[in-house]
Student: 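Just passing along the structure, written as structure tokens.
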Amino acid sequence: MQEEYNVSALQEKWLPVWDQIKPFDSSNPEDSRPKKYVLDMFPYPSGDLHMGHAEAYALGDVIARYWIQRGYNVMHPIGWDAFGLPAENAAIKRGLDPRNWTYENIDQQKSSMRRYACSFDWDRVLQTCDPIYYSWNQWLFLQFYRRGLAYRKNSNVNWCPSCQTVLANEQVVNGLCERCDTQVTKKALTQWYFKVTDYADRLLDDLKTLEGNWPSKVLTMQRNWIGRSYGANLTFEIEGRAEPIEVYSTRPDTLFGATFMVVAADSDLASELAAGSSAEVRTQFHSYLEKTKKANDIERLSTDREKTGVFLERYAINPLNGERLPIWVSDYVLADYGTGAIMGVPAHDERDIEFAKAMGIEIRMVVDTGEEDPAKSFVATVGDGVMVNSGELDGLTKADAIEKAIELLQEKGSGKKAKNYRLRDWLISRQRYWGTPIPIIHCDKCGEVEVPEDQLPVELPPTEGLDLQPKGTSPLGAASDWVNVDCPKCGAAAKRDSDTMDTFVDSSWYFLRYLNPGSEEVAFDPEMAKEWAPVDQYVGGVTHAILHLLYSRFFTKVLFDMKLVDFEEPFTRLLNQGMVLMNGQAMSKSRGNLVRLSEQLDEHGVDAVRLTMAFAGPPEDDIDWADVSPAASSKFLARAWRVAQDVTSEVGSDDKAGDKAVRSATHAFLKSFEESIEGFKFNVGVAKCMELTNTLRKAIDSGCGPQDQAVREGAEELAKALSLFAPYTAEDMWSLLGHEPSVAKAKLRSVDESLLVRQTLTAVAQVDGKLRDKFEVSTTITEDELRELVMNSDAVKRALEGKEAKNIIVRAPKLVNISTK
RNA sequence: GCCCCGAUAGCCCAAUGGCAGAGGCAGGCGACUUAAAAUCGCCACAGUGUGGGUUCGAGUCCCACUCGGGGCACCA
């Protein structure tokens, strides 16, 4: 009796079966299969899953399920990145506890994921807002603290006036808050930092080991972000100041071209130098400083902005030639890069020449690059050239001059090699409620005191009686029962640190927590880490190319130094999936182009949506939902399903008895399917499934017939292959073919190469690269035989008329090309 | 301004330097049907953004440009 393909019936039929047999359990210690760790970036629980999640998890699932079918014990866990502002903001808006909002959303997402048939191991689940999770955030913080990697300092920090909290550099995008697009301002605050800069070299150098396994785009972005440069620190004596000033330069070779010095307006040094100046200069300086502070990053970064500054009427002494250099303050020099002061070499630096032009300062060429003298052209020449007007450096090229200049400076004790980074330390304090409390107690007598480990976790106090409304200081500060404690050292009255940690701390090590998510004894079991970690395949959006991935890499290196893990990179391979767009644009409610995942699933079924995600194109490309057709995917799945239904042979009959041509097609399919999936060409893999389906359809209707064993062999492999994309349909096909669930655990047949060997193939004859004739030839044809065959071809003779064959290239058995030029 | 990626049929996309088409959508024709849907089968459609170059041979490699997308952008 032939039945109809019914998607929703299949979903209802198989979901409970899978719940029972748990095909994706990875917790059996007796399991002898080799291990693989496949990880999807965990979601933030803001409402139900959306189309973007659907793509990411569909693609991650293809990989996880593929490796299971290749015979691996695959760990594929999921969790929730559950702390953060959206929960807190939603809670404030509705007067609720952020816990409610968060856990409700998690429940909803969890049930959507189950329905979506993700191959997650549901026994390995974590939520970063659970005390049992953030307890270990606090433990790790203390380990970092003891290693000198967590410290507090006062400085001008990025401040979001809307979120009323500080932001890490990484969370400021074009001068705007990453979350709410508000203009970020500066504020002087004492905050906690992680010392990422200690690891800058390793974070940069180890990117090499990821080459080929991470998208090169991400590697480049990380390199740029860390931004290492090599140069020298030069020491300038200052008239009227006991201490000299250090200046960082990548071009110490141009020191003879220095005609001024600039100090960052907002640096302590600037204030100090100004203080020693005339009253008039002091007034000018202070008004300039006020303007600088008010200017936000957007204005500051605008490239065509006029250079401004104030001359302090003080002078620095050039260490090599003793010249007096006027000292200026300006906002184009950054207080927190290098030493916050620079030597101005206008002839060979674009920014310096702009400044010199604006202030009427001398431009002195010291590198002859063959271009016009910058003093005349007012265009800085930054390239290589020959040193001039530079004393002992004259005649040298750039690289040699840099070496020589450093040598000279070193002899005088006024300079040495140095390197600098764009990367700054990671500011982790946040003045908000919904995050991990920082496990430090402030005591008037003892200063910063660690919360003893046996008192962890420092749990968040309940929200009752707390005003979560952002007001610039942490809401936790008002929880007096919670804040006021005895100092663990001296017993005197003390206060807890009331800030919470950046949520990127949570996600920097969560991949290790999956190893034993419920453990109260350890953050993660180092033995388990040896078995499973690092992550073999990480899947997620490119939006995390810098922040999350850099922080995770930093954490991993610290854990390596703590001897808790034996690897230095957390994610061996990385796949960045694209975005799901609608009509060329990111989906959003305000644009009115939002496609609701739940509606797509109701209309087309889970399998069709998943298949569409995989088939739409290469995974890293964006998918425009307007360009794809889940209805067509559904149609194909029904077609494949009918093939399985039509098979009439018995389970377990001998493959070898089957039709040769169909068997060849099946094994050719297996080979190309494997290549497609391992090369992340899932769209091609799906196309191969379609091709095999067409072949089997034809074989059943007008070929060897439905009883032929080759048709069964093909249908079984088709079901297995399809299970990567369409688990419900594939499971039902597997059942129609007489097998027990689950198809997810069925191994793909290995390719029988002998079936791929061909007796004949089509050889082509080209004249000047253009196709002129074709021949069906034996695969063992010799070069001479093929050449003769082609030269005797009428079509080839016609093409050669009036021309002379000058060169004949023979690539037996496939091709002959006759060149007449 | 600098760097990276992309451009193949009406559309989405394939193609180890060797026959431009694997697959799908939309389209046309036919079979089945009283009819339609569904199903099954068949068909058509581009010479690869533009201009050069390397090569026996270029969608593929190199150079320049156009368009689209992304990243970085006073880091001395």
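Naming convention: chains lettered A, B, ... in sequence-line order (proteins, then strands); numbering from 1 in each chain.
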Student: Counting distance only, does the side-chain N/O of A:Ser330 pair as donor-acceptor with the main-chain N or O of A:Thr308 below 3.5 Å?
Tutor: yes
Student: Grab the NZ-P distance between A:Lys688 and B:A14 for me, whole Å please.
Tutor: 12 Å
Student: On a whole-Å scale, what distance lies between the P atoms belonging to B:G21 and B:U34?
Tutor: 41 Å
Student: So what does A:Ser229 touch, heavy atoms closer than 4.0 Å: a base, only the sugar-phosphate, or nothing?
Tutor: sugar-phosphate
Student: Across the strands shown, which category fits A:Thr220 at heavy-atom distances under 4.0 angstrom: base, sugar-phosphate, nothing?
Tutor: nothing
Student: Do the side chain of A:Ser155 and the main chain of A:Val157 share a donor and acceptor less than 3.5 angstrom apart?
Tutor: no
Student: Measure from OH on A:Tyr332 to C1' on B:C74 and round the result to the nearest Å.
Tutor: 9 Å
Student: Which value, in whole Å, describes the distance between the C1' atoms of nucleotides B:A7 and B:A14?
Tutor: 15 Å
Student: Reckon A:Arg422 has a side-chain N or O less than 4.0 Å from the OP1 or OP2 of B:A73?
Tutor: yes
Student: Side chain of A:Asp425, backbone of A:Tyr193: donor and acceptor closer than 3.5 Å?
Tutor: no
Student: So for A:Asp627 and B:C12, does any side-chain atom that can act as donor or acceptor lie under 3.5 Å from a complementary atom in the base?
Tutor: no
Student: Side chain to side chain donor-acceptor pair (under 3.5 Å) with A:His348: which of A:Thr254, A:Thr369, A:Thr381, A:Asp253?
Tutor: A:Thr381
Student: Any side-chain N or O of A:Arg811 under 4.0 Å from OP1/OP2 of B:U16?
Tutor: no
Student: Round to a whole Å and report the spacing from CH2 of A:Trp641 to P of B:A38.
Tutor: 18 Å
Student: Could you tell me whether A:Glu691 contacts a base, only the sugar-phosphate backbone, or nothing, with contacts defined as non-hydrogen atoms closer than 4.0 Å?
Tutor: sugar-phosphate
Student: If you measure only the distance, is there a donor-acceptor pair under 3.5 Å linking the side chains of A:Tyr230 and A:Asn420?
Tutor: no
Student: Could you pick out which residue, A:Asn224 or A:Ile342, lies toward the 5' side of RNA chain B when each is mapped onto its nearest nucleotide?
Tutor: A:Asn224
Student: Respond yes when some side-chain nitrogen or oxygen of A:Lys681 is under 4.0 Å from OP1 or OP2 of B:A22, and no when none is.
Tutor: no
Student: If I take atom CD in residue A:Glu675 and atom C1' in nucleotide B:A22, what distance separates them, rounded to the nearest angstrom?
Tutor: 13 Å
Student: What interatomic distance, in whole Å, is found between C1' of B:U60 and the corresponding atom of B:U48?
Tutor: 10 Å
Student: In whole Å, what separates the P atom of B:C2 from that of B:A44?
Tutor: 48 Å
Student: Rounded to whole angstrom, note down the C1' distance from B:A35 over to B:U8.
Tutor: 42 Å
Student: Between B:C19 and A:Lys774, counting only base atoms on the nucleotide and side-chain atoms on the residue, is there a donor-acceptor pair under 3.5 Å?
Tutor: yes
Student: If you measure from the P atom in B:C11 to the same atom in B:C62, how many Å do you get, rounded?
Tutor: 27 Å
Student: Taking the C1' atom of each, how far is B:A9 from B:C5, in whole Å?
Tutor: 24 Å
Student: So what does A:Phe636 touch, heavy atoms closer than 4.0 Å: a base, only the sugar-phosphate, or nothing?
Tutor: nothing
Student: Looking at A:Phe260 versus A:Trp328, is the centre-to-centre ring distance below 6.0 Å?
Tutor: no
Student: NA contact type, A:Lys814, heavy-atom cut-off 4.0 Å: base, sugar-phosphate, or nothing?
Tutor: base
Student: Answer with base, sugar-phosphate or nothing: what part of the nucleic acid does A:Asn694 contact at a heavy-atom distance below 4.0 Å?
Tutor: sugar-phosphate
Student: Would you mind reading off the distance between A:Glu678 atom CD and B:U16 atom P, rounded to a whole angstrom?
Tutor: 17 Å
Student: B:A76, OP1 or OP2 - any side-chain N/O from A:Tyr337 closer than 4.0 Å?
Tutor: yes
Student: Does a side-chain N or O of A:Arg642 approach OP1 or OP2 of B:C40 to a distance below 4.0 Å, or not?
Tutor: yes
Student: For B:G30, does the O4'-C1'-N9-C4 or O4'-C1'-N1-C2 angle fall within 90° of 0, making it syn, or is it anti?
Tutor: anti
Student: Could you measure between the two C1' atoms, the one in B:U55 and the one in B:G18, and give it in whole Å?
Tutor: 12 Å
Student: May I ask which nucleotide in the shown strands pairs with B:C32, Watson-Crick or G-U wobble, both distances under 3.5 Å?
Tutor: none
Student: Is A:Lys806 side chain donor-acceptor paired with the B:C56 base, going by distance under 3.5 Å alone?
Tutor: no
Student: Could you tell me whether the side chains of A:Ser633 and A:Thr612 share a donor-acceptor contact shorter than 3.5 Å?
Tutor: yes
Student: Return the pairing partner of B:C56 with a 3.5 Å limit on both distances, Watson-Crick or G-U wobble; otherwise return none.
Tutor: B:G18
